[in-house]
Visitor: 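Below: one structure in structure tokens.
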2 protein chains.
Amino acid sequence: MDQLRFIKGSLTPIILKLLEDNGRMYGYEMTKAVRQMTGDKIVITEAALYPALHRLVEEDLVETTTEQVGGRMRKYYSLTRKGKKESVIEINSMLEAMSSIQLLLTKKLSHG
Amino acid sequence: MDQLRFIKGSLTPIILKLLEDNGRMYGYEMTKAVRQMTGDKIVITEAALYPALHRLVEEDLVETTTEQVGGRMRKYYSLTRKGKKESVIEINSMLEAMSSIQLLLTKKLSHG
DNA sequence: TGCTTATACCTAATAAAATTAGGCATAAGC
DNA sequence: GCTTATGCCTAATTTTATTAGGTATAAGCA
């Protein structure tokens with residue numbers, strides 16, 4: 001069981017879903033959560049995650065609060081009001097698209 | 001019913017599936033086939049398709065034969081022996097990845 | 001006849017998003 | 001004292017699609 005291909009474009013909806021379900025999370029926690037929940041099948045690297053989070057902040061879908069925990073800083077990310085609306089759309093749009101692709105890849109594509 | 005988001009990375013497996021099922025096809029035919037089969041929900045543009053086909057030829061997964069039909073040239077693409085093996089892997093890998101992402105986006109992602 | 005649409009191939013420039021390959025620092029485990 | 005885990009991040013590159021076209025033949029219709 002090695003790691004699956006990571007589907008490009010799925011990172012943003014995954015982040016939004018995590019925040020939708022958990023209220024707030026910090027980056028490192030997200031990477032661990034996804035690994036754990038998928039048994040390492042889906043691995044979100046920090047190099048992909050942080051730029052994606054910063055994009056979401058830029059788009060005003062996500063906001064941050066920073067806290068000191070132990071001797072380290074933790075930056076919590078959570079959905080803005082706009083982000084809560086958009087995440088529903090984004091997640092459903094991704095799911096619909098994947099269903100169509102699955103159909104294409106599953107059924108016999110005879111043509112002619 | 002407008003057009004869905006196109007999932008990045010799905011184009012190659014879709015091409016391979018089309019060729020697997022139909023033996024050989026030409027580019028324009030593929031764009032029409034996918035539109036028709038998905039009711040325009042998935043639209044493969046020629047600007048994405050042709051570079052992808054050329055990449056597959058470069059990788060020796062796909063080969064071409066050119067025929068004159070009417071007054072126009074048609075370039076047929078088909079799987080090489082290597083392409084037939086790889087397409088099974090590629091398609092299954094994509095399907096597995098999508099299943100995992102669907103689970104992530106569907107179930108409650110509580111953490112902690 | 002002349003205009004538009006369909007067929008059929010393609011490229012160039014750009015943008016978007018991930019990968020590769022790190023850096024930096026604190027804390028915990030052995 | 002060394003390694004692993006926690007926790008943030010960036011820069012350069014690569015991959016892949018989008019935007020915006022070009023070229024040409026054939027068919028449909030007014």
Side-chain angles (χ1 to χ4, degrees), chain A residues 3-16 18 24-36 40 42-59 61-62 64-77 90 93-94 97 101 111-112, chain B residues 3-16 18 24-36 40 42-59 61-62 64-77 90 93-94 97 101 111-112:
Chain A
Q3 187 187 330
L4 289 182
R5 165 221 303 265
F6 184 76
I7 294 183
K8 318 204 183 251
S10 64
L11 181 53
T12 295
I14 288 172
I15 292 170
L16 295 174
L18 283 164
R24 65 174 204 170
M25 290 181 88
Y26 53 100
Y28 188 73
E29 187 183 17
M30 294 182 196
T31 68
K32 294 297 159 193
V34 170
R35 286 186 84 120
Q36 188 216 307
D40 279 15
I42 305 279
V43 174
I44 292 178
T45 63
E46 295 177 62
L49 177 64
Y50 288 109
L53 285 169
H54 300 160
R55 261 176 257 143
L56 289 169
V57 170
E58 193 66 27
E59 292 167 40
L61 299 179
V62 162
T64 64
T65 54
T66 303
E67 273 179 37
Q68 181 146 11
V69 179
R72 280 189 295 264
M73 293 310 269
R74 253 188 213 167
K75 196 163 163 187
Y76 282 100
Y77 295 86
E90 182 81 7
S93 145
M94 188 71 190
I101 306 283
H111 183 249
Chain B
Q3 187 186 329
L4 289 181
R5 164 221 304 265
F6 183 76
I7 294 182
K8 319 210 182 243
S10 64
L11 181 53
T12 294
I14 289 172
I15 291 170
L16 296 174
L18 283 164
R24 65 173 204 170
M25 291 181 87
Y26 53 101
Y28 189 72
E29 190 183 16
M30 295 182 197
T31 68
K32 294 296 159 194
V34 170
R35 287 185 83 119
Q36 188 216 308
D40 279 15
I42 305 280
V43 174
I44 292 179
T45 64
E46 295 177 62
L49 177 65
Y50 287 110
L53 285 169
H54 300 160
R55 262 177 256 143
L56 289 169
V57 170
E58 192 67 27
E59 293 167 39
L61 299 180
V62 161
T64 64
T65 54
T66 302
E67 273 178 36
Q68 181 146 10
V69 178
R72 280 189 296 262
M73 295 308 270
R74 254 188 212 168
K75 196 162 163 187
Y76 282 99
Y77 295 86
E90 181 82 6
S93 145
M94 188 73 190
I101 307 282
H111 183 250

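Just so we're on the same page: letters track the sequence lines, and every chain starts at 1.
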Visitor: Are His54(A) and dC8(D) close enough that a side-chain N or O sits under 4.0 Å from OP1 or OP2?
Guide: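 Checking His54(A) against dC8(D): no side-chain N or O falls below 4.0 Å of OP1 or OP2.
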Visitor: Taking only side-chain nitrogens and oxygens of Tyr26(A), does any of them come within less than 4.0 Å of OP1 or OP2 of dG7(D)?
Guide: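 Result: yes.
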Visitor: Is Ile42(B) close to Ile7(B) at the side-chain level, that is, under 4.5 Å between some pair of heavy atoms?
Guide: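 Side-chain contact under 4.5 Å: no.
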Visitor: What is the distance from CD of Glu67(A) to P of dT6(D), rounded to the nearest Å?
Guide: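 Roughly 19 Å, once rounded to whole Å.
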Visitor: How about CD on Glu58(A), more than 12 heavy atoms from neighbouring residues, nucleotides or ligands closer than 6.0 Å, or not?
Guide: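 No, CD of Glu58(A) has 12 or fewer neighbouring heavy atoms, counting only those of other groups under 6.0 Å.
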Visitor: Expressed as a whole number of angstroms, how long is the span from Glu46(A):CD to dG7(D):P?
Guide: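 Glu46(A) atom CD is separated from dG7(D) atom P by 10 Å.
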Visitor: Nearest to the side chain of Ala48(B) - dA17(D), dC10(C), dA6(C)?
Guide: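 Nearest nucleotide to the side chain: dA17(D).
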Visitor: Any side-chain N or O of Arg55(B) under 4.0 Å from OP1/OP2 of dT14(D)?
Guide: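 Answer no for this pair, as no side-chain N or O of Arg55(B) is under 4.0 Å from OP1 or OP2.
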Visitor: Calculate the interatomic distance between Leu53(A) atom CG and dA18(C) atom P; express it in whole Å.
Guide: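 From Leu53(A) CG to dA18(C) P: 11 Å.
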Visitor: Start at the 5' end of DNA chain C and walk down; is the nucleotide closest to Leu11(A) or to Gly70(A) reached first?
Guide: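 Result of the comparison: Leu11(A).
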Visitor: Please check the phosphate of dC10(C) (OP1 and OP2 only) for any side-chain N or O of Lys75(B) closer than 4.0 Å.
Guide: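 Yes, because at least one side-chain N or O of Lys75(B) sits under 4.0 Å from OP1 or OP2 of dC10(C).
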Visitor: Pick base, sugar-phosphate or nothing for Arg74(A), based on heavy-atom distances below 4.0 Å to the nucleic acid.
Guide: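 Contact class for Arg74(A): sugar-phosphate only.
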Visitor: On DNA chain D, nearest-nucleotide positions of Ala47(A) versus Met73(A): which is more 5'?
Guide: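 Its nearest nucleotide lies further toward 5', so the answer is Met73(A).
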Visitor: Taking atom C1' of dA5(D) as reference, at what distance in whole Å does atom CZ of Arg35(A) sit?
Guide: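 Whole-Å distance recorded here is 12 Å.
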Visitor: On the 0 to 90° scale, with breaks at 30° and 60°, tag the His54(B)-Tyr77(B) ring pair as parallel, tilted or perpendicular.
Guide: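 Tilted, since the angle between the ring planes falls between 30° and 60°.
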Visitor: Grab the NZ-P distance between Lys8(B) and dA18(C) for me, whole Å please.
Guide: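 It works out to 9 Å between those atoms.
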Visitor: Rounded to whole Å, please give me the gap between OH in Tyr50(B) and P in dA20(D).
Guide: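 Rounded to the whole Å, the gap is 20 Å.
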Visitor: Can you measure Arg72(B) atom CZ to dA8(C) atom P for me and round it to whole angstrom units?
Guide: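 In whole Å, dA8(C) P lies 5 Å from Arg72(B) CZ.
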Visitor: May I have the distance from Ile44(A) (atom CD1) to dC9(D) (atom P), rounded to whole angstrom?
Guide: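 So the two atoms are 15 Å apart, to the nearest Å.
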